[in-house]
Amino acid sequence: MNIGIIGTGNIATYLLEQVNENQMVDGRITAVFGRNVEAGTRLKERFGMEFYTDLDEFLSAPVDTVVEAVTVDAARLFISQVIERQKDLIVSSIGVFKDFAFLEELTNLAEANGTKLYLPSGAIGGLDVLQSAKALGGLKTVRLTTRKSPESLGMETDREQVLFDGTAFDAIGNFPKNINVALVLAIAGIGMHETKVRIIVDPDVKRNTHTIEAQGDFGKMQLQVENHPMAANPKTSMLAALSILSVLQNKGGALRIGN
């Protein structure tokens, strides 16, 4: 499997380390696309893949799967073209699908082009439970409580406070760089307007914490995940990067676990 990455930041570097250096995937990252020439050149020199600043040239390279690892705004510019060029796509910036119509459009485009669209679980778990629980419409309520340090939220404060309490739709609009977990929960579960989200900043926490509570005909679920941040970027969970790596590791496997 030949893998391409859109982006030259921390996630791209981490994947290059694990795939090209540590051989943790049955494949190799052969191409990276980005606008930061200095960062891209540095990655090329270290990992030996090709670096492109032209998207068409990148998509013309012999890659089977593309990992998007940029901002939400940048992802919206590029990912449709990846599908149109019949490449499988792994989306890191789940917030790009705040517009559910765009998710449906991209899904239909993938079906028409015979490609796959992957949404990694990111910094949370429990998605299989939510998908199973809603199979016959029996999922009633889903709530996410996120507790983060001021640093990971890009702010300064010396006291704990609730920054937001509302729907996933509004949470994503107010915290697009920090609350992708709310959207992937909404997609797996009962939707953006029904999924409830509370965001708390806490200067005493050492690890970002996500608590998922769900209730329905299946019973009740409560799941708490405490995440270590990536060393190079405290705003990104280590588990988010690992979830992309896991998709790559399992993509071509004969055994599929869960939904």
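Because the structure is predicted, anything quoted here is derived from the model rather than measured.
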Going by side chain to side chain donor-acceptor pair (under 3.5 Å), name the residues that satisfy it together with [X], two or more places apart in sequence or in a different chain.
{"X": "Gln224", "result": "Thr211, Glu226"}
{"X": "Ser246", "result": "Asn250"}
{"X": "Thr8", "result": "none"}
{"X": "Asn227", "result": "none"}

Could you list the residues that satisfy ring-ring contact (aromatic ring centres under 6.0 Å, His included) with [X], not counting sequence neighbours?
{"X": "Phe100", "answer": "none"}
{"X": "Phe78", "answer": "Phe33"}
{"X": "Phe169", "answer": "His193"}

Applying side-chain hydrogen bond (donor to acceptor under 3.5 Å, both in side chains), which residue pairs with at least one partner in [range] are found, sequence neighbours left out?
{"range": "residues 90-111", "answer": "Glu68-Ser93"}
{"range": "residues 33-45", "answer": "none"}
{"range": "residues 48-58", "answer": "Asp56-Arg85"}

Could you go through residues 23-31 and list every donor-acceptor pair under 3.5 Å that involves a side-chain atom there, pairing it with any protein atom two or more places apart or in another chain?
{"from": "Arg28", "atom 1": "NH2", "to": "Phe47", "atom 2": "O", "distance (Å)": "3.2"}

Residue pairs involving residues 70-84 (criterion salt bridge (Lys or Arg N to Asp or Glu O under 4.0 Å); sequence neighbours excluded):
none
So, for Val37 and Phe51, which heavy atoms are closest and what is the spacing to 0.1 Å?
CA-CE2, 3.9 Å
